[in-house]
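In what follows, chains are A, B, ... by sequence order, proteins preceding strands, each numbered from 1.
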There are 2 protein chains.
Amino acid sequence: MKTRVTIKDIARQLNLSHATVSRALNRSDDPFISVATRERVRKTAEEMNYQPNHAARALVTGKTGIITMWLWSEGRQGSYHARVSQFMQAQLEPEPYQLIIDLMSYKSLGFGKEKLMSPWAVDGIIAHEADPVLSKLNGDSAIFPIPIVSMGAYQLMYTQDLVGVDIRPGSDAAMDHLILGGRKRIAYLTDDLPHRVTDARYVAYTVKMEEAGFPTEFIPLENPLRAVVRTKMREYLESHQPPEAIFCHNDDMAIAAYRALCDLGIRCPDDVALVGCDGIEDTEYLETPITTIVQPMERMCELAWEYLSRRMKDPSTPIQQTWLPAKLEIRESSMS
Amino acid sequence: MKTRVTIKDIARQLNLSHATVSRALNRSDDPFISVATRERVRKTAEEMNYQPNHAARALVTGKTGIITMWLWSEGRQGSYHARVSQFMQAQLEPEPYQLIIDLMSYKSLGFGKEKLMSPWAVDGIIAHEADPVLSKLNGDSAIFPIPIVSMGAYQLMYTQDLVGVDIRPGSDAAMDHLILGGRKRIAYLTDDLPHRVTDARYVAYTVKMEEAGFPTEFIPLENPLRAVVRTKMREYLESHQPPEAIFCHNDDMAIAAYRALCDLGIRCPDDVALVGCDGIEDTEYLETPITTIVQPMERMCELAWEYLSRRMKDPSTPIQQTWLPAKLEIRESSMS
DNA sequence: TTGAAAGCGCTAACAG
DNA sequence: CTGTTAGCGCTTTCAA
């Protein structure tokens, strides 16, 4: 039964106290330790292949070195979530922190509060579009001592560190673009009933349609999975006269819709224009690149981490907030 | 200064020892505790909003409840890695474990061994195509007591728990398919020089070309990013007579190549056939779906987790190995 | 059926 | 400059 080497082993080897070893290994600033000793300790630690026990360290310091990202992923995660995960991971890679991604959904909300949290007392939380969680936890003293930065397009609580993405202007622009392009029958494709009223895309759609005097038309989805959207879309197109344009809740749906159009030989953008939202890479690689509202995902992750680490270092930092614009990028799928 | 409630607080409240509280809360099997006490403890724990301190628990038990997945991602992560991450996450969601994804690359190999590991003593490791890491760590006693399951298409060490993906038959089938389709000038697109010789795709390509008596043609890439591949491919196509087919190292590259063809108005599959590898969703949603070698990612993750959890429960489990076939799925991009 | 006590590996006063 | 000491919160013998 081999057991990992501890600072005590090193201390014994060197005829020092384990406290000295601890100081030598950590606090590289501490002047109260001789250079010689520090070197000796470092060297033997290396030789003995010493690996600090983080559980022990965490126990005494109260710091785990773990950051959680709450990722709202009702149903399956789509490409957008994958990208955000990757950007956040990249952000943390050079840092002395580990990222744990906690998938959140309405189902998780059903559990008790403790189930919402990583069992580890994390040092900080990045809450990505996890507003339902924040609301549920609202003011919970057991959680809110942990620094939290909220990010993404859905933001209800403005009383905290925040990297918001404002998709309203982009959504408005998208609608204007479609309407100016002469499209009248514009449908809206979504699975996201619960969020509708707070969703800027939805609001932009309804307002602009109202303004233009066009009736709204919803294509509802019970599920955001590409395969499901494709089938559903195909069914819809077969049973209805195709609309002149479809404003899709996100790019995954837009791509699925695109494919459904292909399946039926309906031309995009000639017959049906398509607009998505998020700005995932895939929309650019289709034969007909899809117009979309591009979220600045990388910048969002970068800023969120900046805010979070600042808050962790100094809890008294004034509240930090930014709204980043999501910009419409017009591509072939919506040209007239 | 509020401090989290501990079992001692509960014990004090109830006039019990903290040991009793501990027993009541955990070991639900332990018969040596009265039902009444257990209930009282549970209830007050709930009321006081008790959250166990996992660092303390880990310190004494030696179990952290953390699983690491080593994800080999030289350069940026592509869609395939994103999918694998998601499947693994889904796999662990219902389990009492947290997943930490450690991005590995040749750069990480440059660091000391300890840098390779999550600072946390994890309970288990899923090594996804992290063979270079395993080789480097080969036999390292500090690491190999930790259960490791290796998964993916690159496998050099066969002496361990393993969920391999055999892409050789699929690759052979892909080459046969192209050659039978009458394509003679078949190029191979890759960025993965270091792996070449151990890469079944590469081997299949060279062997089949040799057999057919066709000269090989490599399109090298310094970088697997889609944007880079697209540019590079375009340059290549402009400066060379386009080949009749391109066998791409992975689907991301195939998609980028597809887009490059679109850019130049070269028709796929009429002018150039395309074959990818991995089986990411995106290849199915293009106007011309891309033929690819589909890796059973979900099954791979499922099995890897099964193996790992079995090994964690019982270290003496006989070695567990499976090879899953990756199957060629012929789609429009390579039809003749 | 419960309590007392030891100790997991480490950090951080406080002494020397 | 270094050693002694006291826990951090929890699990686990061993006693009662």
Side-chain angles (χ1 to χ4, degrees), chain A residues 1-42 44-45 48-65 96 114 119-123 142, chain B residues 1-42 44-45 48-65 96 114 119-123 142:
Chain A
M1 177 59 196
K2 71 180 58 115
T3 164
R4 283 167 49 150
V5 8
T6 72
I7 47 173
K8 284 192 182 166
D9 298 325
I10 301 178
R12 203 173 309 116
Q13 180 89 12
L14 257 38
N15 251 344
L16 288 170
S17 73
H18 69 279
T20 305
V21 174
S22 170
R23 264 173 305 205
L25 256 22
N26 315 319
R27 350 230 324 195
S28 47
D29 50 324
D30 191 334
F32 299 125
I33 193 156
S34 73
V35 186
T37 311
R38 166 159 296 141
E39 256 329 296
R40 280 201 309 148
V41 172
R42 275 206 210 298
T44 18
M48 300 178 71
N49 193 22
Y50 167 70
Q51 308 266 97
N53 180 326
H54 276 247
R57 184 175 290 170
L59 179 56
V60 51
T61 61
K63 298 283 163 220
T64 54
E114 53 295 342
W120 289 90
V122 297
D123 292 347
Chain B
M1 179 54 198
K2 69 179 58 114
T3 165
R4 287 169 46 153
V5 7
T6 72
I7 47 173
K8 283 192 183 168
D9 297 326
I10 302 178
R12 203 172 309 118
Q13 182 88 13
L14 256 39
N15 252 340
L16 287 170
S17 73
H18 68 277
T20 306
V21 174
S22 170
R23 263 173 306 206
L25 256 22
N26 315 320
R27 350 228 325 191
S28 48
D29 49 323
D30 191 335
F32 298 126
I33 191 153
S34 72
V35 186
T37 312
R38 167 158 294 139
E39 255 329 294
R40 282 201 308 147
V41 172
R42 275 206 210 296
T44 17
M48 300 178 72
N49 193 22
Y50 166 71
Q51 309 266 96
N53 179 326
H54 276 249
R57 184 174 292 171
L59 180 56
V60 51
T61 60
K63 296 282 162 222
T64 55
E114 53 294 343
W120 287 90
V122 297
D123 292 348

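When the side-chain nitrogen and oxygen atoms of B:Thr20 are compared with OP1 and OP2 of C:dG3, one or more of them lie within a distance under 4.0 Å. The phosphate of C:dT11 has OP1 or OP2 within less than 4.0 Å of a side-chain N or O from A:Asn26. A sub-4.0 Å separation between OP1 or OP2 of C:dT1 and a side-chain N or O of B:Thr37 is absent. Here A:Ser17 reaches the OP1 or OP2 of D:dG3: one of its side-chain N or O atoms lies under 4.0 Å away.
With A:Thr64 contributing its side chain and A:Ala121 its backbone, the two residues share a donor-acceptor pair below 3.5 Å. Not a single donor-acceptor pair under 3.5 Å links the side chain of A:Ser22 to the backbone N or O of A:His18.
Here A:His54 contributes atom NE2 and B:Leu59 contributes atom CG; the two are 13.0 Å apart, rounded to the nearest 0.5 Å. In this structure, the separation between CD1 on A:Ile10 and CZ on A:Arg40 is 12.0 Å, given to the nearest 0.5 Å.
Among the nucleotides D:dG3, C:dG9, C:dC8, the one closest to the side chain of B:Val60 is C:dC8. Of all nucleotides listed (D:dC8, C:dG7, D:dT5), D:dC8 comes nearest to the side chain of B:Lys8. With distances taken from any side-chain atom of A:Pro52 to the nucleotides C:dC10, D:dC10, D:dT13, the minimum falls on C:dC10. Nearest to the side chain of B:Ile7, among D:dT11, C:dC10, C:dT2, sits D:dT11. With distances taken from any side-chain atom of A:Leu59 to the nucleotides D:dG9, D:dT12, C:dC10, the minimum falls on D:dG9.
At the heavy-atom level, B:Ser22 lies under 4.0 Å from base atoms of the strands shown. At the heavy-atom level, A:Asp9 lies nowhere under 4.0 Å from the strands shown.
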*Run the numbers on B:Val41 and B:Leu14 for side chain to side chain contact (heavy atoms under 4.5 Å, CB included), then give the verdict.*
CA-CA 8 Å; B:Val41 172; B:Leu14 256 39; 3.9 Å; yes
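Distance CZ (B:Arg23) to P (D:dC14): 13 Å, rounded to an integer number of Å. Residue B:Glu39 contributes atom CD, which lies 15 Å from atom P of C:dT1 at whole-angstrom precision.
Ranked by how close their nearest DNA chain C nucleotide is to the 5' end, B:Thr61 and B:Arg40 are led by B:Arg40.
Below the 3.5 angstrom threshold, one finds no donor paired with an acceptor across the side chain of A:His18 and the base of D:dT2.
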